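Data first, discussion second: the structure below is written as structure tokens.
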Amino acid sequence: MTSRSPSTDRRDGAADVAIVGAGAAGLHVALEAAEAGGRVVVISRKPLNETASFHAQGGLAAAVAADDSPSRHAEDTFNAGRGICCPAAVEVLVAEAPAAVEALMRRGVRFDLGADGELALGLEGGHSARRIVHAGGAETGRALTSRLAALVAEHELIEVREGASALALWSDGERCHGVVTDEGPVAAAATVLATGGGAALWERTTNPRGAIGAGAVLAAAAGAELADLELCQFHPTALALPGTGFDGKLITEAVRGEGALLVGADGRRFTDELAPRDQVTAAILDRIAADGAGAVGLDLRPVPLERFPAIAALLSAAGIEPAAGPVPIAPAAHYLIGGVRTDLDGRSTLAGLLAVGEASCTGLHGANRLASNSLSECFVFGTRAAAAALGAAAADPAPPDPDPDPRFPAPTEETRHSVWTLAGPVRDPERLERLRADPYPLARLIAASALAREESRGVHRRSDRPLIDPALDLRHTVVGVGGEVRIDRWPPVGAAARV
Ligand code: SIN
């Protein structure tokens with residue numbers, strides 16, 4: 001990114017860019033904006049090791065192998081996305097992901113190398129080539145976020161407000177002027193939501209508990225549109241140890257890329273372990289129902305577990321001996337595909353407000369995210385969002401007063417239970433209707449969006465509509481500013497955005 005002079009006409013104390021969230025996407029946007037001369041404030045409620053990015057076991061998908069290509073990566077992404085990927089977003093991701101990997105290496109991130117000294121490339125479900133770049137085996141998130149956080153801490157143009165909570169966006173409904181936190185308002189010419197996803201709204205989840213869709217809740221209250229909230233990806237292989245603290249812990253898909261097998265109660269394989277994730281999850285749920293069991297088995301004996309020290313340590317802590325037999329697993333909520341509707345530069349439909357990473361929805365993932373495309377997304381679209389944020393108009397010299405009594409409603413345990421039981425991996429209209437009465441606003445919008453998509457597609461399975469409806473190809477659910485849900489063909493919103 002080219003450098004710019006920090007704005008001279010901004011209000012005293014106003015930042016060029018305020019970023020809510022300090023996971024991979026937030027840290028990356030902060031560095032990109034600051035390195036281009038912008039003054040940045042990062043608001044981070046959670047310590048680094050509680051962000052979803054820190055726990056990411058998957059890597060970055062990028063077509064860097066000699067026998068791979070961006071067009072092949074695009075084909076796999078479209079195939080996984082089941083007919084509703086935004087083509088322009090896919091083209092951007094696959095074209096720019098290799099450069100994003102190189103840029104991270106220049107920043108000092110040490111990805112795993114093979115014996116030949118080249119990047120060691122992993123295989124995951126839905127990928128037709130080895131193209132997943134990892135760091136520390138299944139510790140990619142830790143390696144990435146630790147390195148980026150160290151760089152952020154050193155940068156003189158970045159101020160990190162750790163422990164501060166965003167309570168509301170500072171919005172007049174026409175434009176976002178910054179963020180209102182529990183430590184006071186932060187004025188900014190551009191505000192970037194990098195709050196991660198909402199998969200912890202589902203009781204059975206692989207995510208840290210803070211993944212409650214805060215970005216979507218803040219954005220909707222401020223007057224921005226949301227999209228595709230019915231599309232939550234359920235990871236096929238989360239530990240099934242009910243009643244223990246290990247229930248729902250992720251067993252990375254990368255182990256299936258190295259030979260782990262899925263087996264039913266009879267000890268036999270029942271599906272292609274490396275099919276796209278929605279297909280594997282559906283096969284596991286069907287097998288669980290047919291077996292009358294609570295789990296299927298993941299046989300890790302073919303896998304060199306010394307290459308996955310974090311998984312070996314997890315199993316050992318849980319008292320499981322993988323050499324003794326298959327490990328019990330069942331699907332759990334993993335990734336909220338929907339979020340704040342954005343264009344390809346992260347701009348939301350509210351002027352001055354952008355979103356990146358899992359908080360955003362460009363339409364890239366369609367109805368089923370291809371494994372490990374999401375970390376790549378954080379960096380590819382984060383770079384673009386940083387440039388767009390710096391291009392935002394200067395901060396308003398006389399914004400309206402911020403909301404004097406901002407609140408952020410936290411979801412209760414009852415909400416998490418309801419979202420899992422009423423909008424879990426298989427839905428029906430009667431249960432979705434019940435969820436519409438939930439006190440947590442995002443739970444209600446998830447239910448309304450899932451009711452609006454009257455078909456089964458990708459991660460969204462409706463028992464009353466078991467098939468894809470071709471009339472809904474390339475169609476997305478959009479939550480308008482008044483909370484109404486409509487089905488939209490996906491136009492880039494850039495033309496309408498007024499950042
Ligand atoms: C995994 O490692 O299986 C999760 C990675 C991802 O969700 O992309």
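Here the structure is a predicted model, which is why all the values come from computation and not from measurement. Atoms within a ligand are numbered from 1 in the order they appear, just like the ligands themselves.
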Counting heavy atoms under 4.0 Å, the part of R256 that contacts ligand 1 is neither
- Message: Under 6.0 Å between ring centres: does that hold for H235 and Y335?
- Response: no
For S372, the ligand 1 atoms with a heavy-atom partner under 4.0 Å come out as 6 (C), 8 (O)
### Task
For ligand 1, find out whether one of its N or O atoms is nearer than 3.5 Å to an N or O atom of H235.
yes
Within 4.0 Å of some non-hydrogen atom of H334, the atoms of ligand 1 are 4 (C), 6 (C), 7 (O)
Check this for me: R107, atom CZ, are more than 12 non-hydrogen atoms of other residues, nucleotides or ligands nearer than 6.0 Å?
yes
Checking heavy-atom distances from atom 2 (O) of ligand 1 to each of L60, T252, I251, the winner is T252
Taking only non-hydrogen atoms of E253 and a 4.0 Å limit, the atoms of ligand 1 in range are 1 (C), 2 (O), 3 (O)
Original post:
Got a salt bridge between R130 and D76, using NZ or NE/NH1/NH2 to carboxylate O under 4.0 Å?
Top reply: no
Does Q233 come within less than 4.0 angstrom of ligand 1, counting non-hydrogen atoms of the residue? no
Sequence neighbours excluded, the answer for ring pair (Phe, Tyr, Trp, His ring centres under 6.0 Å) partners of H134 is none
Decide whether the shortest distance between a heavy atom of A371 and an atom of ligand 1 is less than 4.0 Å. yes
Taken in chain and number order and not counting sequence neighbours, the residues that satisfy side chain to side chain donor-acceptor pair (under 3.5 Å) with S71 are S69
Per-atom filter on ligand 1: closer than 4.0 angstrom to a heavy atom of R369 are 6 (C), 7 (O), 8 (O)
| said: Between the side chains of R384 and D343, is the shortest nitrogen-to-carboxylate-oxygen separation below 4.0 Å, so that they form an ion pair? | reply: no
Students often mix this up, so state it plainly: with edges at 30° and 60°, are the rings of H73 and H127 parallel, tilted or perpendicular?
tilted
